[in-house]
Amino acid sequence: MPHDDPRPPVLRAEGLTKRYGRRRRPALDGIDLTIPPDRIIGLVGPNGAGKSTLLHMACGLTEPTSGSLQILGSRPAADAAHLARVGFMAQDAPVYRSFTVAEHLRLGARLNPGWDMAFAERRVREAGLDPSQKAGGLSGGQRAQLALTIAAAKRPDLLIFDEPAAALDPLARQGFLQSLMSFVADLKAGAILSSHLLGDVQRVCDHIIVLCDARVQIAGDVTDLLATHCRLPSAHVPAGAELIDGSLARFTVPPPPETEPVTLEELVLAYMTRAELSPARALQEVAR
Ligand SMILES: Nc1ncnc2c1ncn2[C@@H]1O[C@H](COP(=O)(O)OP(=O)(O)OP(=O)(O)O)[C@@H](O)[C@H]1O
């Protein structure tokens with residue numbers, strides 16, 4: 001983030017912790033994280049890592065147990081004006097099955113002061129949705145397009161998606177991700193999406209957060225991460241390098257020429273594997 005950018009970070013977490021029960025392991029464990037504006041952020045990690053918990057907290061749907069979280073410079077869902085600045089699409093693209101597409105848009109207009117009906121109607125047409133069709137009869141891909149339109153037509157500054165395309169076939173997923181990117185560009189909004197589909201993340205995101213075991217393992221702009229992670233040609237770990245997993249290392253100095261570049265998928269998998277094998281994790285498993 002340029003130092004003269006006056007805008008607050010999209011997300012700032014300090015010591016953010018969430019426990020769902022006093023005896024349970026935390027779902028988020030002391031997370032410190034700052035995400036600059038103007039990013040499409042991919043939140044990745046294995047099942048149960050805490051991704052939905054973080055996204056729900058960002059929307060004000062659940063409260064931290066301790067620590068603090070700011071979204072666009074304020075407490076999540078601090079007031080009506082702040083609520084209007086954040087659009088959320090929950091897992092499985094929830095819609096009202098007995099409402100038609102047009103009724104969804106009218107409901108959106110009644111509930112959201114900044115609702116842009118012209119934008120919503122144009123997007124419904126572009127997605128090929130029939131306004132008189134009941135949402136219960138839409139395909140998964142059409143339902144996702146409707147839910148995306150509803151999240152975007154309030155013209156938020158930040159769109160949050162919890163595994164938005166997990167249930168869609170590859171073609172519907174491609175259409176959905178294209179719409180997502182064009183919405184973000186149209187609205188000049190930021191976006192955070194959680195996903196298990198690393199290919200999708202690689203296609204649309206320019207910043208990633210790897211969350212495993214309730215902790216952030218690595219976060220940063222994709223270009224920076226790919227420039228600072230390489231595969232070592234031998235077992236020797238040079239100065240300025242930290243071995244993450246196998247031969248994949250992170251460099252705090254410019255990597256030497258004999259190292260090989262890595263893909264985003266390899267990088268994410270290396271951090272996930274390291275977290276899975278960490279001694280702290282092993283101890284937690286024994287304690288459970
Ligand atoms: N409402 C809840 N009550 C109790 N425990 C919960 C609740 N929601 C989440 N958890 C627990 O918190 C941990 C993190 O769950 P969360 O759903 O945030 O992970 P996730 O990374 O989104 O997982 P997935 O990829 O499977 O959706 C898990 O151990 C889960 O069982």
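Bear in mind that the values here come from a model prediction, so they are computed numbers and not experimental data. Just follow the structure's listing: the first ligand is 1, and inside any ligand the first atom is 1.
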Exercise for review: Decide whether the shortest distance between a heavy atom of Pro46 and an atom of ligand 1 is less than 4.0 Å.
Suggested key: yes
Practice item. May I ask whether His196 places a heavy atom under 4.0 Å from ligand 1? Key: yes
Check your understanding: Which residue owns the protein heavy atom closest to atom 12 (O) of ligand 1, what's the atom, and how far is it?
Key -> Ala27 CB, 3.3 Å
Point to revise | Per-residue contact class, Arg25 against ligand 1 - non-hydrogen pairs under 4.0 Å | key: neither
Check your understanding: Numbering the atoms of ligand 1 from 1, which are under 4.0 Å from a heavy atom of Gln91?
Key -> 27 (O)
Practice item. Please tell me if the side chains of Asp200 and Arg173 come closer than 4.5 Å, counting only heavy atoms from C-beta onward. Key: yes
Review point. Can any side-chain N or O of Asp157 pair as donor or acceptor with the backbone N or O of Arg85 at less than 3.5 Å?
Key: no
Point to revise | atom 26 (O) of ligand 1: the protein heavy-atom neighbour that sits closest, reported with distance to 0.1 Å | key: Asn47 ND2, 2.8 Å
Exercise for review: Could you tell me whether a side-chain N or O of Asn112 sits under 3.5 Å from a main-chain N or O of Gly114, the two making a donor and an acceptor?
Suggested key: no
**Study point:** Candidate list Cys230, Pro238, Ser247, test side-chain contact (heavy atoms from CB on, under 4.5 Å), partner Thr259, passing option
**Key:** Cys230
Check your understanding: Would you say ligand 1 has an N or O under 3.5 Å from any N or O of Gly48?
Key -> yes
Check your understanding: Is Gly50 near ligand 1, meaning one of its heavy atoms is under 4.0 Å from it?
Key -> yes
Check your understanding: With a 4.5 Å heavy-atom cut-off, do His56 and Pro76 have their side chains touching?
Key -> no
Practice item. Return yes or no for this condition: an N or O of Ala49 is under 3.5 Å from an N or O of ligand 1. Key: yes
Review point. Can you check whether a protein heavy atom sits less than 4.0 angstrom from atom 30 (C) of ligand 1?
Key: no
Practice item. Give the single entry among Thr53, Leu55, Asp162, Thr62 that approaches atom 18 (O) of ligand 1 most closely by any heavy atom. Key: Thr53
Point to revise | Exceeds 12 heavy-atom contacts within 6.0 angstrom, atom CZ of Arg250 | key: no
Point to revise | Side-chain (Asp79) to main-chain (His82) donor-acceptor, under 3.5 angstrom | key: yes
Check your understanding: Below 4.0 Å from any atom of ligand 1, is there a heavy atom belonging to Glu163?
Key -> yes
Check your understanding: Counting heavy atoms only, which part of Ser194 comes closer than 4.0 Å to ligand 1: side chain, backbone, both or neither?
Key -> neither
Point to revise | Centroid-centroid distance, Phe176 to Phe183, less than 6.0 Å | key: no
Point to revise | Minimum non-hydrogen distance to atom 22 (O) of ligand 1, winning option of Ser195, Ala214, Ser52 | key: Ser52
Review point. Nearest protein heavy atom to atom 1 (N) of ligand 1, by residue and atom, and its distance?
Key: Tyr20 CE2, 3.7 Å
Check your understanding: If you group Ile, Leu, Val, Met, Phe, Trp and Tyr by side-chain heavy-atom gaps below 4.5 Å, do Phe88 and Leu69 land in one group?
Key -> yes
Exercise for review: Sort out for me which residue in Leu177, Leu43, Val201 forms a side-chain contact (heavy atoms from CB on, under 4.5 Å) with Ser195.
Suggested key: Val201
